[in-house]
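Just below is one structure, and these are the notes that go with it.
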Amino acid sequence: MNIEEAKREIINTVRAYTLKDETGEYRIPVEKQRPMLLVGPPGIGKTAIMQQVAEELHIGLVSYTITHHTRQSAIGLPFIVKKEYGGKEYSATEYTMSEIIASVYDEIARTGVKEGILFLDEINCVSETLAPTMLQFLQYKTFGSHKVPDGYIIVTAGNPPQYNKSVRDFDIVTLDRVRKIGIEEDFEVWKKYAVRNGVHGAILAYLAIHKENFYSIRMEVEEKYFVTARGWEDLSRILYAYEALGIPITRELAAEYLQDPEIAKDFADYYALYQKYRDDYRTEDILEGHYAEKSLRIAAAPFDEKLSLIGLLTDSLNQEFIAYARACDTEKEVFASLKAMRSETGDFPGVLSEETKKKAQALRRALDAGILSREEIRSRKETVSALEALERGLKEKQAGGELPSFADAKAWFQERERKRGEEIQKTGSHLSHAFEFLARCFGEGQEMVIFLSELAGSYYALRFIRECGNDAYYHYNRLLLLKDRQEELIKEVSEVLLQL
């Protein structure tokens with residue numbers, strides 16, 4: 001299965017394993033809850049989905065790369081205790097709590113969340129001395145004499161032997177006690193994740209043309225050359241940072257993340273072209289509807305160049321769609337806070353100050369618990385910042401001798417909404433202009449189909465269209481659907497005629 005299917009399977013498993021009956025007991029007894037074993041090539045996203053699952057389910061997460069551990073840190077250190085057997089006292093060996101088990105209890109104490117995931121990576125690469133302990137752990141959910149707390153689901157991961165010489169094969173007895181899930185790379189699945197998480201447009205455009213370079217591992221006699229999903233995502237982050245600093249993007253930089261010299265060179269060359277296309281076609285002018293006649297030459301350009309321009313347009317639009325979603329989420333939080341204060345009487349600036357403090361404290365607690373996604377963190381931080389800005393404005397008014405009230409907060413919020421409405425209208429206009437430009441250049445050809453497909457694969461694009469609408473999108477999407485249906489009917493009629 002692909003990484004998205006594996007993520008859904010983990011979510012379903014956590015929900016099933018933590019389901020309780022009417023007496024409060026787990027429907028599947030803890031001892032019958034098989035650990036999950038994810039097996040797939042390196043850099044495919046096995047570790048990343050653990051954080052996503054924990055954030056979506058608002059549960060705890062404790063992660064370890066097990067190869068970093070010795071037998072002592074896994075099962076604890078021995079110490080001598082006195083015990084009585086048959087009326088005589090003997091010295092006996094016991095063990096301190098495993099560092100890994102202790103970390104789970106620490107996470108429960110820190111967050112107050114009693115259910116979560118214990119994730120152990122590289123489980124099939126443990127040292128020879130630790131191997132028996134790992135087998136015991138998978139079978140009985142214990143390290144030494146210490147058990148994983150009930151409510152914590154065990155998920156492990158490992159690489160197939162062709163990628164790691166240290167891999168140990170599990171025996172049938174062990175495999176019969178785990179849920180083994182094989183994971184394969186899938187560009188289309190990763191692309192949806194990449195768009196939602198803001199992976200650089202040059203990377204997405206390049207991989208749309210060269211899908212074969214998304215994930216590549218080749219072994220030679222003395223060298224290993226590889227490119228992984230992790231490499232592309234990390235490269236994206238450094239591209240944004242270098243661009244902000246004005247630092248040139250070189251082949252050498254690409255090769256630090258894409259450890260295949262041919263692919264690194266190919267991407268670096270494409271990146272330079274991507275920037276050239278941005279300057280030549282001036283995508284910002286196209287979105288404003290002021291494109292020059294020279295931009296229309298794209299109709300006769302090579303197909304790779306057409307795909308690059310479509311990538312530039314969708315990347316620019318996605319940035320606006322993301323900004324819309326974030327502003328919308330923040331405004332909902334701000335509105336809820338103001339609504340809660342509406343019925344308060346007395347010193348409104350004081351009431352606002354208390355509400356702002358509560359929001360900031362709740363955010364700190366949530367950050368400490370580590371149960372928020374990056375977007376939830378961003379939204380809550382922006383909400384606190386907005387309320388603090390309102391508070392400062394009301395205090396300035398109060399210092400000038402005026403008596404601030406809820407009406408002032410209402411006016412402030414309405415002004416924010418007015419500005420947000422202008423941004424929504426601007427984004428919708430940009431989307432419509434993109435359709436107009438592509439229709440003028442390509443009509444309803446495959447380029448338009450690709451553009452619509454890119455929008456359909458973007459969570460933020462679909463959210464904007466669903467919540468704000470766009471006549472141009474509905475128009476061209478409907479035409480293409482009708483065209484597809486017409487072609488299907490012609491094909492069906494032709495098949496019938498052939499049978500007569």
Does a side-chain N-to-carboxylate-O contact under 4.0 Å join [X] and [Y]?
X    : Y    : result
D269 : K265 : yes
E391 : K395 : yes
E4   : K192 : no
D234 : R237 : yes
D408 : K397 : yes
R418 : E415 : yes

Task: Parallel, tilted or perpendicular: ring planes of Y271 versus H200, cut at 30 and 60 degrees - done: tilted
TODO: List for me each residue that meets side-chain contact (heavy atoms from CB on, under 4.5 Å) alongside C328, sequence neighbours excluded, and say none if there are none.
DONE: Y324, K332, R420, R463, E467
Open item on the list: Please confirm whether the ring centroid of F214 lies under 6.0 Å from the ring centroid of W190.
Closed with: yes
Open item on the list: Could you check, using the six-membered ring where one of them is a Trp, whether Y206 and H210 have ring centers closer than 6.0 angstrom?
Closed with: yes
Open item on the list: Test: salt bridge (Lys or Arg N to Asp or Glu O under 4.0 Å). Region: residues 424-441. Which pairs qualify, not counting sequence neighbours?
Closed with: E293-R440
Can I get a per-line list of side-chain donor-acceptor pairs under 3.5 Å for residues 303-310, giving both atom names and the distance, sequence neighbours left out?
unit_1: E305; atom_1: OE2; unit_2: Y281; atom_2: OH; d: 2.4
unit_1: K306; atom_1: NZ; unit_2: A299; atom_2: O; d: 3.4
unit_1: K306; atom_1: NZ; unit_2: E447; atom_2: OE2; d: 3.3
unit_1: S308; atom_1: OG; unit_2: Y270; atom_2: OH; d: 2.7
unit_1: S308; atom_1: OG; unit_2: D304; atom_2: O; d: 2.9

